[in-house]
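Worksheet for the structure shown next.
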Amino acid sequence: MSRGLRRLSVTGYTHVIVRGNNKQILFEGPDDSRFFISRLGKYSREEKISLNAFCLMENHVHLLVNDPQGNVSAMMHHLNLSYSKYYNQKYERNGHLYQGRFLSEPVETDAYLFTVFRYILNNPQKAGICPAAKYRWSSYKAYFNDYPTIDLAFIRDRYPTAEAFREYMNEPNEDECLEYQAPQTSDESALEIIRNNFNVKTPTELQSWEKSKRADALRQLKSRGLSIRQLERLTGLGRGIIARA
């Protein structure tokens, strides 16, 4: 069956989400995030797409782009292919890194445009990680610093001062946006448990373990309070494999 065509936004703005396969983490460390951001800038320029906001979470990414020519699919193809190759080589893994096609949501009104922008940058705060202004892997600070790859013209026109921008960012969103549910339990603690108990650099190493050894490890992790959904995200293993173990 052929894939359906993506609906283009009448305004040119689109909210994009890309997820890790089986909800596994995409960024093991700071160098991974830096590499992804550098490639995001490269391919958005090449495809003549304006990048308005980004936020890298552990296992998914939010983008707001202005794409009047309809090139977002080409940009995401190059970006995902480049990062997958980098990640798989670095961590000596095979297989799909991403969960299917990226999700996209046309932004049809000015009001929703500002809602989506604020929602994306407030993701770390909503997930309980830290205040949005202090999060390292988003474009929040682009308003206050020279960040040439980020186009904030529509934000600066409406909120021309730092005080006005902060007030806007602290307002609650009235509308729901395309969303990826954050875990209720801290993934940081779960990662420490996996690394300390099984002497692995990354939880995805469990994918290559012998079946009985892997099942035993999964049972131990479940007994330590990690949920099946969390194990899916961190290890990249399918829900059925984890549930059977």
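Positions are given from 1, in the same order as the sequence printed here.
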Any side-chain donor near an acceptor of the partner, Glu210 and Ser212, under 3.5 Å: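 Their side chains do contain a donor-acceptor pair, which is all the 3.5 Å distance test asks for.
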Residues Tyr13 and Asp110: side-chain donor-acceptor under 3.5 angstrom: no
Electrostatic pair [X]-[Y], nearest N-O below 4.0 angstrom:
{"X": "Arg158", "Y": "Glu167", "answer": "no"}
{"X": "Asp216", "Y": "Lys213", "answer": "no"}
{"X": "Lys201", "Y": "Glu205", "answer": "no"}

Please report the interatomic distance [atom1]([X]) to [atom2]([Y]), rounded to the nearest 0.5 Å.
{"X": "Asp151", "Y": "Ser139", "atom1": "CG", "atom2": "OG", "answer": "11.0 Å"}
{"X": "His60", "Y": "Glu58", "atom1": "NE2", "atom2": "CD", "answer": "10.5 Å"}
{"X": "Glu192", "Y": "Asn197", "atom1": "CD", "atom2": "CG", "answer": "10.5 Å"}
{"X": "Leu234", "Y": "Leu206", "atom1": "CG", "atom2": "CG", "answer": "10.5 Å"}
{"X": "Arg93", "Y": "Thr202", "atom1": "CZ", "atom2": "OG1", "answer": "8.5 Å"}
{"X": "Glu105", "Y": "Leu64", "atom1": "CD", "atom2": "CG", "answer": "10.0 Å"}

Please give me the minimum heavy-atom distance between [X] and [Y], naming the atom from each residue.
{"X": "Asp67", "Y": "Val72", "answer": "OD2-N, 2.9 Å"}
{"X": "Asn88", "Y": "Gly95", "answer": "ND2-O, 3.4 Å"}
{"X": "Leu26", "Y": "Arg19", "answer": "CD1-C, 4.3 Å"}
{"X": "Val107", "Y": "His15", "answer": "CG2-N, 4.0 Å"}
{"X": "His78", "Y": "Glu47", "answer": "CD2-OE2, 3.6 Å"}
{"X": "Ala127", "Y": "Met57", "answer": "CB-CE, 3.8 Å"}

Verdict with reasoning, Tyr91 to Asp32, per side chain to side chain donor-acceptor pair (under 3.5 Å): CA-CA 11 Å; Tyr91 295 107; Asp32 300 343; 2.6 Å; yes
Common cluster, Leu152/Phe144, ILVMFWY with side-chain heavy-atom separation under 4.5 Å: yes
Under 3.5 Å: donor-acceptor pair, side chain of Ser44, backbone of Gly41: yes
Output field: ring centroids Tyr86/Phe36 closer than 6.0 Å: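 Here the rings of Phe36 and Tyr86 have centres that are no less than 6.0 Å from each other.
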From Phe54, Phe117, Tyr119, residue fulfilling ring pair (Phe, Tyr, Trp, His ring centres under 6.0 Å) relative to His62: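 So the option named by the test is Tyr119.
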Given Phe165, Phe154, Tyr168, the one that forms ring pair (Phe, Tyr, Trp, His ring centres under 6.0 Å) with Tyr159: Tyr168
Kindly check if the number of other-residue, nucleotide or ligand heavy atoms within 6.0 Å of [atom1] ([X]) is above 12?
{"X": "Lys90", "atom1": "NZ", "value": "yes"}
{"X": "Glu171", "atom1": "CD", "value": "yes"}
{"X": "Asn199", "atom1": "CG", "value": "no"}

Test side-chain contact (heavy atoms from CB on, under 4.5 Å) applied to Asn66 and Asn52, Thr14, Ile49, Leu51, the passing residue: Asn52
The single option from Ile17, Val18, Val16 passing side-chain contact (heavy atoms from CB on, under 4.5 Å) against Leu63: Val16
Quiz: residues 131-138 side-chain donor-acceptor pairs under 3.5 angstrom, not counting sequence neighbours:
residue: Tyr135; atom: OH; partner: Leu56; partner atom: O; Å: 2.5
residue: Ser138; atom: OG; partner: Tyr140; partner atom: N; Å: 3.2

Test log, rule side-chain contact (heavy atoms from CB on, under 4.5 Å), inputs Phe102 and Val61: CA-CA 10 Å; Phe102 67 92; Val61 175; over 6 Å; no
Evaluation steps, side-chain contact (heavy atoms from CB on, under 4.5 Å), between Tyr87 and Phe35: CA-CA 10 Å; Tyr87 186 95; Phe35 184 89; over 6 Å; no
Cationic tip of Arg39 above Tyr83 ring, under 6.0 Å, 45° of axis: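 Relative to the ring axis of Tyr83, which defines the angle, Arg39 lies outside at least one limit.
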Tyr143 six-ring centre to Arg156 NZ/CZ under 6.0 Å and within 45° of normal: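 Ring-cation test returns yes.
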Could you check if a side-chain atom of [X] sits within less than 4.5 angstrom of a side-chain atom of [Y], using non-hydrogen atoms only?
{"X": "Pro30", "Y": "Arg34", "answer": "yes"}
{"X": "Ile241", "Y": "Arg244", "answer": "yes"}
{"X": "His77", "Y": "Tyr43", "answer": "no"}

Criterion side-chain contact (heavy atoms from CB on, under 4.5 Å) on Thr204 and Thr235, from CA distance to verdict: CA-CA 4 Å; Thr204 56; Thr235 66; 5.8 Å; no
Criterion side-chain contact (heavy atoms from CB on, under 4.5 Å) on Ile242 and Leu237, from CA distance to verdict: CA-CA 7 Å; Ile242 298 169; Leu237 293 166; 4.1 Å; yes
